**Q** 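Input: one structure, supplied below.
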Amino acid sequence: QGQLVESGGGLVQPGGSLRLSCKASGFTFQYYAYGWFRQAPGKEREGVSCITRGGGTTFYADPVKGRFTISKDNDRKTVYLQIDNLKPEDTAVYYCAARRTILTAPLTCASSDYSYWGQGTQVTISS
């Protein structure tokens, strides 16, 4: 049974930073692409950042470009999301997700394309 477990969320002030972690277990980490998604109150879940299986291609949604950085460590079976210069509109539950792919698969960051999901970690930005 595959699992994804997020950690690192919390309450921070505007302009602060967080590093979210997503630890995978129960499946072959290297066979999957990964993504970070978020859902704010009253809004649909949106793709924030995604990374290909090989790690060579990344995607960032326009609101987070220049502030968020996705990375993964195959040895530690962990995906990271470094978040800098947090804004109030970043407040949401952040979810990690995995998508099984072949090596040459193009990058997608649509929620419907991902099959494994973590339970989420709350990120709240407030002064």
Side-chain angles (χ1 to χ4, degrees):
Q1 189 75 55
Q3 289 190 91
L4 297 171
V5 180
E6 302 96 333
S7 62
L11 191 154
V12 298
Q13 295 183 334
S17 296
L18 284 174
R19 190 191 193 197
L20 307 184
S21 297
C22 171
K23 184 174 178 60
S25 62
F27 60 91
T28 304
F29 183 86
Q30 295 88 342
Y31 291 173
Y32 291 76
Y34 294 87
W36 285 97
F37 301 78
R38 68 185 182 186
Q39 188 165 21
K43 298 180 63 178
E44 294 185 350
R45 186 172 299 180
E46 63 176 345
V48 175
S49 183
C50 295
I51 187 168
T52 53
R53 168 176 163 174
T57 304
T58 57
F59 164 85
Y60 297 95
D62 286 341
V64 309
K65 287 181 178 177
R67 300 188 297 117
F68 289 22
T69 304
I70 190 171
S71 62
K72 63 187 182 76
D73 186 327
N74 291 343
D75 291 333
R76 299 182 67 87
K77 298 181 180 180
T78 302
V79 185
Y80 303 96
L81 186 68
Q82 177 67 41
I83 310 176
D84 297 318
N85 192 24
L86 281 158
K87 302 178 179 180
E89 52 264 41
D90 294 321
T91 295
V93 177
Y94 283 72
Y95 298 90
C96 176
R99 170 183 180 251
R100 194 174 191 199
T101 71
I102 59 174
L103 187 62
T104 57
L107 180 62
T108 176
C109 209
S111 297
S112 60
D113 290 330
Y114 287 76
S115 56
Y116 284 178
W117 290 84
Q119 294 187 359
T121 184
Q122 177 71 49
V123 173
T124 302
I125 316 303
S126 177
S127 60

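In this chain, numbering begins with 1 at the start of the sequence shown. Not measured: the values here are computed from a predicted model. Side chains are part of it too, since the values below use all heavy atoms of this structure and drop only hydrogens, waters and symmetry mates.
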**Q** Hey, mind stepping through Thr78 and Asp73 against side chain to side chain donor-acceptor pair (under 3.5 Å) and telling me if it holds?
**A** CA-CA 5 Å; Thr78 302; Asp73 186 327; over 6 Å; no
**Q** For the OG atom of Ser17 and the CD atom of Gln82, what is their distance to the nearest 0.5 Å?
**A** 6.0 Å
**Q** Assess Arg45 against Tyr95: is NZ or CZ under 6.0 Å from the centre of the six-membered ring, and within 45 degrees of the ring's axis?
**A**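 Yes; both conditions hold, so Arg45 lies above the ring face of Tyr95.
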**Q** Just how far is it from atom CZ of Arg99 to atom CZ of Arg53, taken to the nearest 0.5 Å?
**A**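 Answer for the CZ-CZ pair, Arg99 versus Arg53, is 11.0 Å.
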**Q** Under 4.5 Å between any side-chain heavy atoms of Ser25 and Lys77, yes or no?
**A**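 Result no, sub-4.5 Å side-chain heavy-atom pair not found.
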**Q** Return yes if some donor-acceptor pair links the side-chain N/O of Glu6 with the main-chain N/O of Thr121 below 3.5 Å, else return no.
**A** no
**Q** What distance do Glu46 atom CD and Cys109 atom SG have between them, rounded to the nearest 0.5 Å?
**A** 9.5 Å
**Q** Are the side chain of Arg76 and the backbone N or O of Lys72 linked by a donor-acceptor pair below 3.5 Å?
**A** no
**Q** Start with the C-alpha distance between Gln13 and Ser127, add both sets of side-chain angles, then the distance that settles side-chain contact (heavy atoms from CB on, under 4.5 Å), and finish with yes or no.
**A** CA-CA 5 Å; Gln13 295 183 334; Ser127 60; 5.5 Å; no
**Q** Just so I know, are the side chains of Phe37 and Ser49 near enough to count as touching, which here means a heavy-atom distance under 4.5 Å?
**A** no
**Q** How is the hydrophobic cluster of Ile70 composed, in terms of its other members, when Ile, Leu, Val, Met, Phe, Trp and Tyr link through side-chain heavy atoms under 4.5 Å apart, directly or indirectly?
**A**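 The other cluster members (ILVMFWY side chains, heavy atoms under 4.5 Å, direct or chained) are Leu4, Val12, Leu18, Leu20, Phe27, Phe29, Tyr31, Tyr32, Tyr34, Trp36, Val48, Ile51, Tyr60, Val64, Phe68, Val79, Leu81, Ile83, Leu86, Tyr94, Tyr116, Val123, Ile125.
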**Q** Nearest 0.5 angstrom please: Arg19 CZ to Thr69 OG1, how far?
**A**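 The OG1 atom of Thr69 is 10.5 Å from CZ of Arg19, to the nearest 0.5 Å.
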**Q** Does a donor on one side chain and an acceptor on the other come within less than 3.5 Å for Glu89 and Thr91?
**A** no
**Q** Could you give the distance from CG (Asn74) to CD (Gln30), rounded to the nearest 0.5 Å?
**A**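 Asn74 CG to Gln30 CD: 4.5 Å, rounded to 0.5 Å.
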**Q** If we only count heavy atoms from C-beta on, is the Thr57 to Phe59 side-chain gap below 4.5 Å?
**A** no
**Q** Residues two or more places apart in sequence or in another chain: which of them pass side-chain hydrogen bond (donor to acceptor under 3.5 Å, both in side chains) with Lys65?
**A**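 Per chain and number, Lys65 pairs via side-chain hydrogen bond (donor to acceptor under 3.5 Å, both in side chains) with Asp62.
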